[in-house]
Q: 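One structure coming up, written as structure tokens, with questions to follow.
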Amino acid sequence: MSSEMGFQPNWFAPPGATISVLLEERDISIESLAGIANKTLDDVSRLICGVEPLTTEWAQILSGCLGASQNFWLKREQQYRSDLQRLCEEAANAGNAEWLGRIPLREVVGYGWIPEGRTAHETRLNACAFFGTTTDQGFERRYEALFDGARYRTSNAFKSDDSSLATWLRHGEVVARSINTARWNPKLLRASQAEIRGLSTVGDPVEFIPRLRAVLAACGVAFVVSRAPKGCRASGVARFLTPETALIQLSSRYLADDQFWFTLFHEIGHLVLHAPSGVFIEDESRLDAKLEEEADDFAVNALLEGVGVQSIRTVELTKYSIARFARRAGIAPGIVVGELQKSKRVPYNHFNYLKIRYRWNESELSL
């Protein structure tokens, strides 16, 4: 490379890398930065991950909060965007950016995970920022390791469905950056089961999700609910982002309360029984039957702990008896219906009116 061109790295680093270091050094939480900036946690998370541009407004805020001049922050952003664009163009010219054609870009933009650019090229740049890579090898290297750890894939070919799953997993990582968690504490997580179970009776996700997130964060678990893009069949995943921070991510693919809470406790089961032995992705494949069965058993026992698992066999099959049983168990009636259906005491089309069905409202799960 010509010395006149100067040093041109084959990597890029968003300003968020510097922001994260300074936040830790100054013992400032992401929540505190969001409050100072009058921004949402998602805004700060996207900034740190390099998805949201570091504007003049952000430069003023960061200068006042973390130090360094506004000019420093703006130059840091300019260098990042310049490196990102150069590497994206190099990958495209080398035919090394096919992964961008496989990801569900329309959903990623539509869900608000990345901003839509003024041009298609700019939108692709934003996608590269979201994933932190520009090349096929960079994309596949990161997610092949996850899939192999989950024993998820059945072939060596990286398919479109894999790319959709990888996109969903990446969104979980980005959102988790905005959640301030304590250190991983499996004993506290087990001890919090009754409190978590009781939240199923709240009904409204807008109310119970923040409370659930706070309980899990105290146990060292970041909790994320994010929409599954087209091609992603996952209903949940449990994994460790660091040795001290776990992640439970749900897609609420089926959007009924019994499935939501069963999947949640299933993922909790993976964390307390099997972690940190791998990545546990729930979809139709269920490749490790033994571990999945153990997590299923954990979920049933946790949900019915207040009355005992065997008691589900004696519930009288009327809506009033189901409601009374649910009150004794401290859970939502829909969960009882789900267990009655799985145990084949009632058909899958019976008592479904007792379930609460959630729906997606823009970027939030709500009723």
Q: Is the shortest heavy-atom distance from the side chain of Pro53 to the side chain of Glu77 under 4.5 Å?
A: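 Contact flag for Pro53/Glu77 side chains = yes.
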Q: So do the side chains of Leu165 and Arg233 get within less than 4.5 Å of each other, counting heavy atoms only?
A: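 A side-chain contact under 4.5 Å is absent here.
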Q: Please report whether the ring centroid of Phe208 lies less than 6.0 Å from that of Trp261.
A: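 Under 6.0 Å, so yes.
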Q: What I want to find out is whether Lys342 reaches Glu339 closely enough, with some N-O distance under 4.0 Å, to be called a salt bridge.
A: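 Salt bridge present between Lys342 and Glu339.
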Q: Please answer whether the main-chain N or O of Thr135 pairs with a side-chain N or O of Asn96 as donor and acceptor at a distance below 3.5 Å.
A: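 Side chain of Asn96 to backbone of Thr135, a donor-acceptor pair under 3.5 Å: no, none is there.
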Q: When rounded to the nearest 0.5 angstrom, what distance separates CG in Leu273 from CZ in Phe298?
A: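 Output value for this atom pair is 6.0 Å.
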Q: Taking the basic N atoms (NZ, or NE/NH1/NH2) and the acidic carboxylate oxygens, is any pair closer than 4.0 Å for Arg239 and Glu267?
A: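 No salt bridge links Arg239 with Glu267.
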Q: Please confirm whether the ring centroid of Phe139 lies under 6.0 Å from the ring centroid of Phe131.
A: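 Between Phe131 and Phe139, which both carry aromatic rings, the centre distance is below 6.0 Å.
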Q: Taking only Lys NZ, Arg NE, NH1 and NH2, and the carboxylate oxygens of Asp or Glu, determine whether Lys39 and Glu57 approach each other closer than 4.0 Å.
A: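 Yes.
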Q: Is any side-chain heavy atom of Val307 closer than 4.5 Å to a side-chain heavy atom of Ile312?
A: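 Result no, sub-4.5 Å side-chain heavy-atom pair not found.
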Q: Using 30° and 60° as the class boundaries, would you call the ring planes of His266 and His270 parallel, tilted or perpendicular?
A: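 Taking His270 first and then His266, their aromatic rings stand perpendicular (interplane angle over 60°).
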Q: When you group the ILVMFWY residues by side-chain heavy-atom contacts below 4.5 Å and let the links chain together, are Leu62 and Tyr80 in the same group?
A: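 No, it is not one cluster - the side chains of Tyr80 and Leu62 are not joined through contacts under 4.5 Å.
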Q: Is there a donor-acceptor pair closer than 3.5 Å between any side-chain N or O of Thr263 and the backbone N or O of Gln259?
A: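 Between the backbone of Gln259 and the side chain of Thr263 there is a qualifying donor-acceptor contact (under 3.5 Å).
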Q: Provide the closest heavy-atom pair for Leu188 versus Ala218 in the form atom of the first, atom of the second, distance.
A: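 What the structure gives for the nearest pair is CD2-O, 3.4 Å.
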Q: Hey, is CZ on Arg26 packed in by over 12 heavy atoms from elsewhere, all under 6.0 Å?
A: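 Yes, CZ of Arg26 has more than 12 neighbouring heavy atoms, counting only those of other groups under 6.0 Å.
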Q: Please answer: with hydrophobic residues joined when any side-chain heavy atoms are less than 4.5 Å apart, are Ile179 and Trp113 in the same cluster?
A: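 No: no chain of side-chain contacts under 4.5 Å links Ile179 to Trp113.
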Q: Determine whether a donor-acceptor pair (N or O, by modelled atom type, separation under 3.5 Å) exists between the side chain of Ser200 and the backbone of Ala332.
A: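 Pair found, side chain donor or acceptor close to backbone of Ala332.
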Q: Is the count of non-hydrogen atoms from other residues, nucleotides or ligands lying under 6.0 Å from Glu24 atom CD greater than 12?
A: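 Not buried by this count: 12 neighbours or fewer within 6.0 Å.
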Q: What closest approach, in Å, do Ile28 and Leu33 show between heavy atoms, and which atom pair accounts for it?
A: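 Taking Ile28 first and Leu33 second, the nearest heavy atoms are CG2-N, 4.2 Å.
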Q: Any donor-acceptor pair under 3.5 Å linking the side chain of Ser82 with the backbone of Gln78?
A: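 Not a single qualifying donor-acceptor pair exists.
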Q: Which heavy atom of Gly50 sits nearest to which heavy atom of Pro14, and what is that distance?
A: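 Minimum heavy-atom contact is CA-CB, 3.6 Å.
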Q: Closest heavy-atom contact between Trp168 and Cys232?
A: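 Heavy-atom minimum between the residues: CB-SG, 3.9 Å.
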Q: Can you name the salt bridge (Lys or Arg N to Asp or Glu O under 4.0 Å) partners of Arg142, sequence neighbours left out?
A: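 For Arg142, the residues satisfying salt bridge (Lys or Arg N to Asp or Glu O under 4.0 Å) (neighbours in sequence not counted) are Glu173.
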Q: Looking only at heavy atoms, what is the nearest atom pair of Glu244 and Arg183, with distance?
A: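 So the two residues come closest at OE2-NH2, 3.2 Å.
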Q: Is Tyr320 reachable from Ile335 through a run of hydrophobic residues whose side-chain heavy atoms are each under 4.5 Å from the next?
A: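 No, because Ile335 and Tyr320 fall into different hydrophobic clusters, even though each may have its own neighbours under 4.5 Å.
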Q: In this structure, are over 12 heavy atoms from other groups packed under 6.0 Å from Asn38 atom CG?
A: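 Open.
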Q: Would you say the side-chain atoms of Arg227 pair up with the backbone N or O of Tyr111, donor to acceptor, closer than 3.5 Å?
A: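 Checked: no pair found.
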Q: Considering residues, nucleotides and ligands other than Glu116, do more than 12 of their heavy atoms fall under 6.0 Å from its CD?
A: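 For Glu116, atom CD is not crowded (no more than 12 foreign heavy atoms under 6.0 Å).
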Q: Under a 4.5 Å cut-off applied to non-hydrogen side-chain atoms, are Leu54 and Arg76 in contact?
A: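 Result no, sub-4.5 Å side-chain heavy-atom pair not found.
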Q: Using modelled atom types only, decide if a donor and an acceptor are shared between the side chain of Ser178 and the backbone of Asp42 within a distance under 3.5 Å.
A: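 Flag not set: sc Ser178 to bb Asp42 has no pair under 3.5 Å.
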Q: Is there a side-chain contact between Leu250 and Val237 in this structure, where contact means two heavy atoms from C-beta onward sitting under 4.5 Å apart?
A: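 Not in contact.
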Q: Ion pair present between Glu107 and Lys230, side-chain N to carboxylate O less than 4.0 angstrom?
A: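 Between Lys230 and Glu107 there is no salt bridge, as every charged N stays at least 4.0 Å from the carboxylate O atoms.
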Q: Look at Asp258 together with Lys355 and state whether they make a salt bridge at an N to O cut-off of under 4.0 Å.
A: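 Answer for the salt bridge query: yes.
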Q: About how many Å separate CZ of Phe130 and CZ of Arg170, when rounded to the nearest 0.5 Å?
A: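 The CZ atom of Phe130 is 6.5 Å from CZ of Arg170, to the nearest 0.5 Å.
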Q: Main chain of Gly117, side chain of Thr123: is a donor-acceptor contact present, judged purely on distance under 3.5 Å?
A: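 Indeed, once roles are kept as given, a pair shorter than 3.5 Å links the two residues.
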Q: As an exercise, state the distance from CD1 of Ile48 to CG of Leu23, rounded to the nearest 0.5 Å.
A: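 Going from the CD1 atom of Ile48 to the CG atom of Leu23 covers 5.5 Å.
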Q: Verify, without hydrogens or angle tests, whether Ser63 (side chain) and Ala68 (backbone) share a donor-acceptor contact under 3.5 angstrom.
A: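 A pair under 3.5 Å: yes.
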Q: With no hydrogens and no angle check, is any side-chain donor or acceptor of Thr314 less than 3.5 Å from a backbone partner on Ser311?
A: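 It does hold such a pair.
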Q: Quick one: list whatever passes side chain to side chain contact (heavy atoms under 4.5 Å, CB included) with Pro115, sequence neighbours left out.
A: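 Partners of Pro115 by the side chain to side chain contact (heavy atoms under 4.5 Å, CB included) criterion, ordered by chain and then number, come out as Val51, Asn126.
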Q: Does any part of the side chain of Val44, heavy atoms only, come nearer than 4.5 Å to the side chain of Leu41, both counted from C-beta?
A: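 Answer no - side chains too far apart.
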Q: Measure the SG-CZ distance between Cys88 and Arg124 for me, rounded to the nearest 0.5 Å.
A: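 Nearest 0.5 Å value for the SG-CZ distance: 8.5 Å.
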Q: Within the structure provided, determine whether Gln193 and Phe265 are in side-chain contact (heavy-atom separation under 4.5 Å).
A: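 A side-chain contact under 4.5 Å exists here.
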Q: Under a 4.5 Å cut-off applied to non-hydrogen side-chain atoms, are Phe240 and Leu247 in contact?
A: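 The answer is no; the side chains never approach within 4.5 Å.
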Q: Counting distance only, does the side-chain N/O of Ser164 pair as donor-acceptor with the main-chain N or O of Pro229 below 3.5 Å?
A: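 No; zero donor-acceptor contacts below 3.5 Å.
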